[in-house]
Amino acid sequence: MIQGSMDTEQVHVHKNSIAVGVICPEAFFGTVSDVLKSFPSFSPEILSYRDENEAPVLAEKLAERAEVLFFTGPIPYSRAKEQMTFPIPAHYVPMNGTGLYRSLLDVQIKYGGGIAVSIDTVTQQTAERCAKEFGERLPTLVCMAESVRMGREEIVEFHSRMNRSGQTSVAITAIRSVSEQLTRLGVPNEWMVPTEQDIIVSLERALLATETRRSKESQMVIGLINIDNFSRTAERQESEHDVQRLKLDIHRVLLGYAESLDGHFTHMGGDEYLFVTTRGIFERETGGYKRIPLNWELDKTLGLSLSIGIGFGYSANQAGTHARMALRQAKEAGGNVGFIVREDRGVIGPLEMTETWKLDLSFLSPELLKKAELAGMHYKYLSKMVVDVSRRGKTEYKTQELAQLLGVTTRTVHRLLVVWQDEGLVHVVGEERTAGKGRPKQIFNMSFLSDMVRKSIR
């Protein structure tokens, strides 16, 4: 296996470059490297394999430090997908472009027309459409598109069976190890690889998808909050001081929510408030636009309800307009509810205004909380871990699980774990070995939360 990354002296890396993890056959390393030089927006790291079954291990390594995965064919992509859930976008080069055409042309030049051709990885329709470009002397094509889900021996047997049928045949395979085995068996074959043009087209798609995702992550979100029936509530207060205290309490609760979104917050006057955040943060904190616990908190602490309108947009003006539309819809629905209006004016809602899981500090001693704070385990991380432990009763995690739970990169988790281990908050309790040659994954025990689990069981 070869591991490498592009030479930064030869490639101009854009200041906002996208880290792409590339997985390719060892013999294809140079070609992929050359093509990637024409994509300055990518900061690539390439891992290559001799055997397609190594792809899952390589994908897991790259997923920890890349923003997007790129496979040079459907077979390694399929092998990786069978063994892992991609935590980041993943793309591959389909074998239906000029690479297939080139292989069919090579077969016709070497063996002439009228020959039978067995092809794996592509569909019958795709192969026949491509073969029509050669005119009347069409070869007899037998395809095995489902080979992406089959083992190497089954694919070798498919091609060998065609060769044993008595008709002169040639195998076209997208799998290097299958090509090598067929050669050892004396079966004529061609290794089908994507052309540079195929790779360029697929990289352009990956770049577009990644930049679109980045654009949406940083897209502006404006929220308008209206306190339902505030005037009536204010009239029930005994003095003007009580009214002002009520306003301060409302401001404190809403400001705390805006802080959880890492957003800007302001009072618009009267009973209306505004916050600004980004779509990526809002999506994570609402569980994918499922719930906003703010109503529950305001009702519990102050006996008030509110209406929320959330607007997405590519500009502040657009997001603000959509937020106003969403708030109007919330008020028309009777209040005590929230709606989202997207950038395309599509509506999401009503949003669930339920109780959120809260951090129960009674389980944790003040000394331990202080120690956690000094170790960089601030409230947001701590509350997410406590919520998860409360729900599932487990305190052991792998790095990737923690990254997903905390909403950070695996690189950040590695850095945090080093500090937490040094402070005695976290301990390594085991390893999980994976198929292949990859390094075992360490399992970390959040030992400082063990008391909480024991108390909850009692």
Side-chain angles (χ1 to χ4, degrees), residues 1-7 19-37 39 42-95 97 99-100 103 120-122 144 147-156 159 171-184 189-196 198-200 202-203 206 400 410 432-441:
M1 184 179 69
I2 295 176
Q3 176 174 344
S5 57
M6 300 294 290
D7 186 348
V20 55
V22 181
I23 298 165
C24 70
E26 186 176 284
F28 214 50
F29 186 93
T31 301
V32 175
S33 299
D34 289 340
V35 172
L36 280 163
K37 290 175 182 177
F39 285 82
F42 278 140
S43 175
E45 180 179 357
I46 309 172
L47 297 185
S48 62
Y49 57 80
R50 292 181 181 274
D51 189 301
E52 291 76 14
N53 292 323
E54 297 173 21
V57 176
L58 304 184
E60 287 197 358
K61 287 182 179 178
L62 289 173
E64 294 183 353
R65 47 188 183 260
E67 296 177 56
V68 59
L69 291 176
F70 186 80
F71 300 80
T72 57
I75 297 294
Y77 170 85
S78 179
R79 297 288 187 270
K81 192 174 182 181
E82 288 169 3
Q83 297 188 31
M84 66 180 290
T85 300
F86 295 128
I88 56 177
H91 300 263
Y92 66 89
V93 183
M95 303 306 297
L100 172 60
S103 295
D120 59 49
T121 310
V122 301
M144 186 188 193
S147 57
V148 294
R149 296 184 297 274
M150 293 186 172
R152 184 188 309 138
E153 296 305 320
E154 292 176 281
I155 301 170
V156 169
H159 291 297
I172 294 179
T173 177
I175 310 166
R176 178 63 181 270
S177 58
V178 169
S179 175
E180 292 172 344
Q181 193 164 341
L182 288 173
T183 299
R184 288 193 293 270
N189 68 89
E190 293 287 328
W191 179 32
M192 175 172 55
V193 296
T195 63
E196 289 192 6
D198 290 337
I199 299 171
I200 288 171
S202 296
L203 280 171
Q400 220 161 14
T410 51
E432 180 182 86
R433 296 193 173 273
T434 56
K437 302 177 182 178
R439 183 182 301 173
K441 296 179 179 178

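All values reported here derive from a predicted model rather than from experimental measurement.
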Going by the rule side chain to side chain donor-acceptor pair (under 3.5 Å), which residues pair with [X] if we only count those two or more places apart in sequence or in a different chain?
{"X": "Ser177", "result": "Glu52, Arg152"}
{"X": "Glu180", "result": "Arg176"}
{"X": "Gln181", "result": "Glu153"}
{"X": "Thr31", "result": "none"}

Under a 3.5 Å cutoff, is there a donor and acceptor pairing between the side chains of Thr173 and Asn189?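 Per modelled atom types, Thr173 and Asn189 side chains form no pair under 3.5 Å.
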Between His159 and Asp120, does any side-chain donor sit less than 3.5 Å from a side-chain acceptor?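 Per modelled atom types, His159 and Asp120 side chains form a pair under 3.5 Å.
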Under 4.5 Å between any side-chain heavy atoms of [X] and [Y], yes or no?
{"X": "Ile46", "Y": "Ser33", "value": "yes"}
{"X": "His91", "Y": "Ser202", "value": "no"}
{"X": "Met95", "Y": "Leu100", "value": "no"}
{"X": "Ile23", "Y": "Phe70", "value": "no"}

Closer than 3.5 angstrom, by distance alone: can the side chain of Ser103 be matched with the main-chain N or O of Gly99 as a donor-acceptor pair?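 Checked: pair present.
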Please set out all donor-acceptor pairs under 3.5 angstrom arising from side-chain atoms of residues 71-82, sequence neighbours excluded.
{"from": "Ser78", "atom 1": "OG", "to": "Val148", "atom 2": "O", "distance (Å)": "2.8"}
{"from": "Arg79", "atom 1": "NH1", "to": "Val148", "atom 2": "O", "distance (Å)": "3.0"}
{"from": "Arg79", "atom 1": "NH2", "to": "Met150", "atom 2": "O", "distance (Å)": "2.8"}

Residues in ring pair (Phe, Tyr, Trp, His ring centres under 6.0 Å) contact with Phe28, at least two apart in sequence or another chain: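 Phe28: no ring pair (Phe, Tyr, Trp, His ring centres under 6.0 Å) contacts found.
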